[in-house]
There are 2 protein chains.
Amino acid sequence: MSSLEPGQRSHLAKIARLYFLEGESQAAIARRFGISIATVSRAIAKAKDEKIVEFRINDDAGHFGELELHLEREWNLAECMIVRGFEDSQTTFAALAVALTEMLQRLLRDGSVVGVSWGETLKAIGEHLGPVRAPGVRVVPIIGTMGDIETGIYPNSIARSFADGLSARQYLLNLPALVDNRAIRDAMVEDSHYRTVQALWATLSVAILSVSGLSESTSMYRSGILSAAELQELRDAGGACASNFAILDARGNTIENPITDRLVGLPFRDLERIEHVIVVAEGSAKAPALRAALKSGVVDRVIVDERCASEVETPRVPV
Amino acid sequence: MSSLEPGQRSHLAKIARLYFLEGESQAAIARRFGISIATVSRAIAKAKDEKIVEFRINDDAGHFGELELHLEREWNLAECMIVRGFEDSQTTFAALAVALTEMLQRLLRDGSVVGVSWGETLKAIGEHLGPVRAPGVRVVPIIGTMGDIETGIYPNSIARSFADGLSARQYLLNLPALVDNRAIRDAMVEDSHYRTVQALWATLSVAILSVSGLSESTSMYRSGILSAAELQELRDAGGACASNFAILDARGNTIENPITDRLVGLPFRDLERIEHVIVVAEGSAKAPALRAALKSGVVDRVIVDERCASEVETPRVPV
DNA sequence: CGTGGATATGCAAATATTTGCAAGTATTGT
DNA sequence: ACAATACTTGCAAATATTTGCATATCCACG
């Protein structure tokens, strides 16, 4: 730790002033003082070190720059976007969709393949996705179908709304997400229908996921895919989060569970190979599930509302 | 003037935060957001423009960075150094000498030729000049001698103290500064003594000057070189400043005067060809003279105490 | 709808900055 | 005083940043 002689300090300040405030190049400063460019560079580095020059970011109040950065660092994310939360969840979803649109605009390339999961969050967001200009994008579900009738949260429907928003080509996955037993699943994944989608999954550059807790407010329960008893079983087994039908414990590890063997969808761990794994979540209720998903380490990018974000950062202690 | 959409602002803030506060490279930021490096560079430029990022210099209180910069810009100087003023002029001279030493340390190269003028200020400073490591430096007076006995302000003596301080070789100028009439001067400048020094003057890379007003407190009067009547004559002709025996008016133009034709020294306008022209001045009394010298446009670098500096910047209105 | 100007973007060339290295210079302990 | 060690510096190579240019997009107006 080198301390500074008195004169040194004002000399560094002068160089920093010329560089940062006056916009002079380091070469010009070097000429002016008759020292080398390298010395100027090192002087500026030292001025930063010694806090002789400080930077101030004038973010709008009402933006969440600090918190975003905090979460990015804490969870090793490439990017965290926090949007303002509204009373009405639907409005918040629209705001999240705007953020996701902007993010996809940046991330998508010609020919990118986007995998879309399932759930009420993604359904709502798909409906509000804005147009993105990127040619040749393909959208594919990463979870099988469920239900016999096309409801709003039918995975192919959600993928369609994403494809529409992105002006992309949609690929269908016409196999059920959950079959009766492992044997059936094992047989099914041999079929060319699965093989085709699987090949597409192998080329995914973006995956878009949501998370859910395992209370009875989860879509998986409300749409009748899991029974109350099955949910209880999952919670008993330590389940804290469901994402694309994978069940994670609070540490972010996938846990074995009654549905694992009967599932047709992109395996959770396969997300690791995907360049951009985006999770979207709305509301503080999602925070514990989101935290579990973050702990898994496979999530790159997060788009959440402020309530979810602050709850993730500073969890209320359960009473 | 491009205004910013709401989202734009926080986006720029985020990039600026990553770049300035987190120290991420622009390339890393570009990868993170899926945009090009050029776009990041432009975003940072815009963030500066829009004052989304601001720089703060934590100069010591008691230093004069702002004022230095102000004077540098106002007078188009390469460098202005302001030192703390002390009650005792001699102490202030010592402080000025320290600053000059540091400046010369940076400016001098192997073989540099330094021209030194004359006066009480330079005499005092020469005595306090610190050691400078630069080999092969040569020091030469830029004004002829005066007086018959070696006093402290004898030009060759001043040059000698500079040479000592700089561990430099000293060259003498053994011709009188002021002769009786033009004819004598014209004859003298044909002599090889003058020619030798003149050749050296042509290679000067640094000139060190002081300034003086034309009141009866000037060394030129006190050491008997000019009479009170001659001083009055110079004042009447609009003279505001003497520097190396050149007389300048308040606009910085050299003015014809009774001594011009009888002078043996480096002509004031020849300073224009010298890379570094340094003026040293102490005390608010020197301010008007310094301002005239600055107006001449030949001065590159100024070393003054705070009193002189503030008086130059904000002259008291004469009552 | 189509057109023209203003704006934004990426590529790649031009600049600018940083850094490894070697040589020189203070500092320290003997 | 002397050697060993820690700093500092400038050079030049390696990186990083900026910018000219061509292209693509957006928007206002006919």
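Chain naming here is simple, since letters A, B, ... match the order of the sequence lines and numbering starts at 1 in each.
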Phosphate contact (C/dT17 OP1 or OP2) by A/Y19 side-chain N/O below 4.0 Å = yes
Hey, what do you get for CG (B/L69) to CG (B/L77), rounding to the nearest 0.5 Å?
-> 10.5 Å
Any B/S36 side-chain N or O less than 4.0 Å from OP1/OP2 of C/dC11 | no
Looking at residues at least two apart in the chain, or sitting in another chain, which of them share a side chain to side chain donor-acceptor pair (under 3.5 Å) with B/S41?
-> none
B/F20 has an atom CZ; how far is it from atom C1' of C/dT17, in whole Å?
-> 14 Å
Integer-rounded Å distance: D/dG10 P and B/R106 CZ | 11 Å
Expressed in angstrom and rounded to an integer, what is the separation of A/D49 atom CG from C/dT18 atom C1'?
-> 14 Å
Sugar-phosphate only, base, or nothing, as touched by B/S41 at under 4.0 Å among non-hydrogen atoms = base
B/A27 meets the side-chain contact (heavy atoms from CB on, under 4.5 Å) criterion, sequence neighbours left out, with B/S25, B/R31, B/I37
Can a donor-acceptor pair under 3.5 Å be found between the side-chain atoms of B/R133 and the base atoms of C/dG24?
-> no
Gap between atoms CD and C1', on B/Q105 and D/dT9 respectively (whole Å) = 11 Å
Residue mapping more 5' on DNA chain D - nearest nucleotide basis, A/I35 or B/I37 | A/I35
Terminal axes of the helix from C/dC1-D/dG30 to C/dT30-D/dA1 (5 end pairs apiece), angle rounded to 10 degrees, sit apart by 40°
Taken to the nearest whole Å, CG/A/D110 to P/C/dG10 is 15 Å
Sorted by position of nearest nucleotide on DNA chain C, 5' first, the leading residue of A/E24 and B/T39 is B/T39
Just jot down the side-chain contact (heavy atoms from CB on, under 4.5 Å) partners of A/R109, sequence neighbours excluded, or say none.
-> A/S112
Roughly, in whole Å, what's the span from CD1 in A/I44 to C1' in D/dA16?
-> 14 Å
Rounded to the nearest angstrom, tell me the gap between atom CZ in B/R42 and atom P in C/dG10.
-> 8 Å
Output all residues satisfying side-chain contact (heavy atoms from CB on, under 4.5 Å) with A/A207, sequence neighbours left out; order by chain, then residue number.
-> A/L271, A/I274
Within less than 4.0 Å of OP1 or OP2 of D/dT15, is there a side-chain N or O belonging to B/S25?
-> no
Please determine if B/E66 and A/R17 form a salt bridge, counting it only when a charged side-chain N lies under 4.0 Å from a carboxylate O.
-> yes
CD1 of B/I15 versus P of D/dT17: gap in Å, rounded?
-> 13 Å
Side chain to side chain donor-acceptor pair (under 3.5 Å) filter on B/E306, not counting sequence neighbours, yields none
Describe the nucleic acid contact of A/A38 in one word from base, sugar-phosphate, nothing, applying a heavy-atom distance below 4.0 Å.
-> base
